[in-house]
Amino acid sequence: MSQKHSIIIVKLFITKLYKLTGRDKGMEKFLVDRIDRTVDNYRLAKEYLKNDGDILNHFASLVFSHYEREIPIDRIKEIRKEIKAVTPRMSPFRGDILYIISLLIATTDKDMQQEIIENMFSAMEKLEENGFRPCSHLVLTAYVIGRYGNPRKQDDIVYKLKESYILLKEKYNNITNEDDYLLCALWSINNIEVEVVNDFIENVYDHVADYNIRTKNGVQGLSNAMILNGSSGHMYRNMEFLLQLQKRDIKIANQFLPLVGVLSNTNPRRTVDLVEGVIEDLCDKEAEYEFYLDKGFRTIIAVVIVSFCTISDKRRYIDELLAHGVISFINSKNKGIFEEALS
């Protein structure tokens with residue numbers, strides 16, 4: 001494709017966005033700039049971070065594009081090195097989660113870095129003492145407690161987390177597992193009492209399930225995340241958003257439904273229009289997005305880009321919920337490969 005042809009495509013895309021959003025051209029430029037930053041960061045991660053798998057490169061590109069920053073390659077490598085130095089080879093902190101946690105820590109102020117790492121290890125120890133299974137999801141949960149929780153109240157946070165997890169196990173034993181640790185921790189950090197969780201589950205889970213567009217596990221993850229917003233209007237808009245994606249045959253990976261549950265969605269149809277446009281533009285700019293990337297994961301990349309360009313608040317936890325989806329997505333892919341090898 002010639003440079004002239006590429007410029008024409010971008011101009012057509014900007015015109016399309018202008019018609020869809022009804023906003024001034026600065027907003028469209030902001031979205032196109034964010035797409036460019038995402039693609040540039042992906043190429044940077046692929047060349048210099050040496051991640052074990054391309055999904056992690058896409059995760060890195062998205063996380064730092066949120067903050068309109070280039071990926072700090074050297075700092076991420078230093079954080080990896082520091083965590084590896086204090087954990088054994090078979091530690092749950094090793095493997096893919098080491099890359100994910102290092103990226104998340106590198107988004108914070110450098111002055112906070114050491115405190116977050118120490119609080120993370122402290123939270124991990126308390127979680128294991130309370131019987132939680134050491135795994136990637138528990139490491140991410142420990143990181144969230146270490147970053148957002150009051151370090152003097154870690155015991156209380158873990159206690160409330162355990163209460164909520166036990167409640168989920170009692171209600172949905174066959175679909176509750178370690179990938180629910182994170183949302184239980186977020187409820188605890190935000191002082192959402194177990195009674196509130198119980199009432200919300202009773203009222204929302206069946207309603208979301210009535211839409212009949214997701215698996216039971218997907219419905220649970222979506223419903224659980226909606227508790228953080230606590231708005232029925234938010235719930236209806238999110239369900240409309242998913243229905244619009246389904247109508248247009250745009251796939252979205254089940255593992256990222258908790259993330260969808262917390263994203264703002266004031267105009268679902270317009271958001272899906274924008275998501276379609278972003279997918280097209282990503283594919284035009286980089287072949288990886290069109291030919292080699294899982295379509296369900298590609299959709300979440302577009303959703304996140306649009307969301308970060310259209311919301312001005314409530315950005316907390318989005319990177320962590322994206323990381324949660326990435327862990328689950330990788331685990332699902334690895335399980336599929338393993339089962340195929342045994343068949």
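Just so it is clear, the structure is predicted and the values come from calculations on it, not from any experiment.
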So, do [X] and [Y] sit near enough that their side-chain heavy atoms are less than 4.5 Å apart?
X	Y	result
Arg43	Glu288	no
Leu242	Leu257	yes
Phe59	Leu104	yes
Phe93	Leu98	no
Val194	Lys162	no
Ile105	Tyr143	yes
Gln255	His324	no
Tyr42	Leu282	no

Below 3.5 Å, can you tabulate the donor-acceptor pairs from side chains in residues 125-133 to any protein atom, sequence neighbours excluded?
residue: Lys126; atom: NZ; partner: Ser122; partner atom: OG; Å: 3.3
residue: Asn130; atom: ND2; partner: Lys126; partner atom: O; Å: 2.9
residue: Arg133; atom: NH2; partner: Glu178; partner atom: OE2; Å: 3.0

In Å and rounded to the nearest 0.5 Å, what is the [atom1] to [atom2] distance from [X] to [Y]?
X	Y	atom1	atom2	answer
Lys251	Ile300	NZ	CD1	15.0 Å
Ile145	Asn150	CD1	CG	12.0 Å
Asp273	Arg270	CG	CZ	8.5 Å
Leu259	Leu322	CG	CG	6.0 Å
Met120	Thr141	CE	OG1	12.0 Å

Aromatic ring pairing Phe297/His58, orientation class (parallel under 30°, perpendicular over 60°, tilted between):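 Ring orientation of Phe297 relative to His58: perpendicular.
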Polar side-chain atom of Arg37 near backbone of Ser65 as donor-acceptor pair, under 3.5 Å: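 Not confirmed, Arg37 side chain does not pair with Ser65 backbone.
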Smallest separation among heavy atoms of Leu103 and Phe64, with atom names: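 Where Leu103 meets Phe64 most closely, the heavy atoms are O-CZ, 3.6 Å.
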Lys153 atom NZ, neighbour heavy-atom count above 12 within 6.0 Å: no
Arg269, CZ: over 12 other non-hydrogen atoms inside 6.0 angstrom: no
same_hphob_cluster(Ile101, Met112) at 4.5 Å side-chain heavy-atom cutoff: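 Yes.
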Within the 6.0 Å centroid threshold, strictly below: His66 and Phe308: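 Yes: the rings meet the under 6.0 Å criterion.
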Residues Asn190 and Tyr148: side-chain donor-acceptor under 3.5 angstrom: no
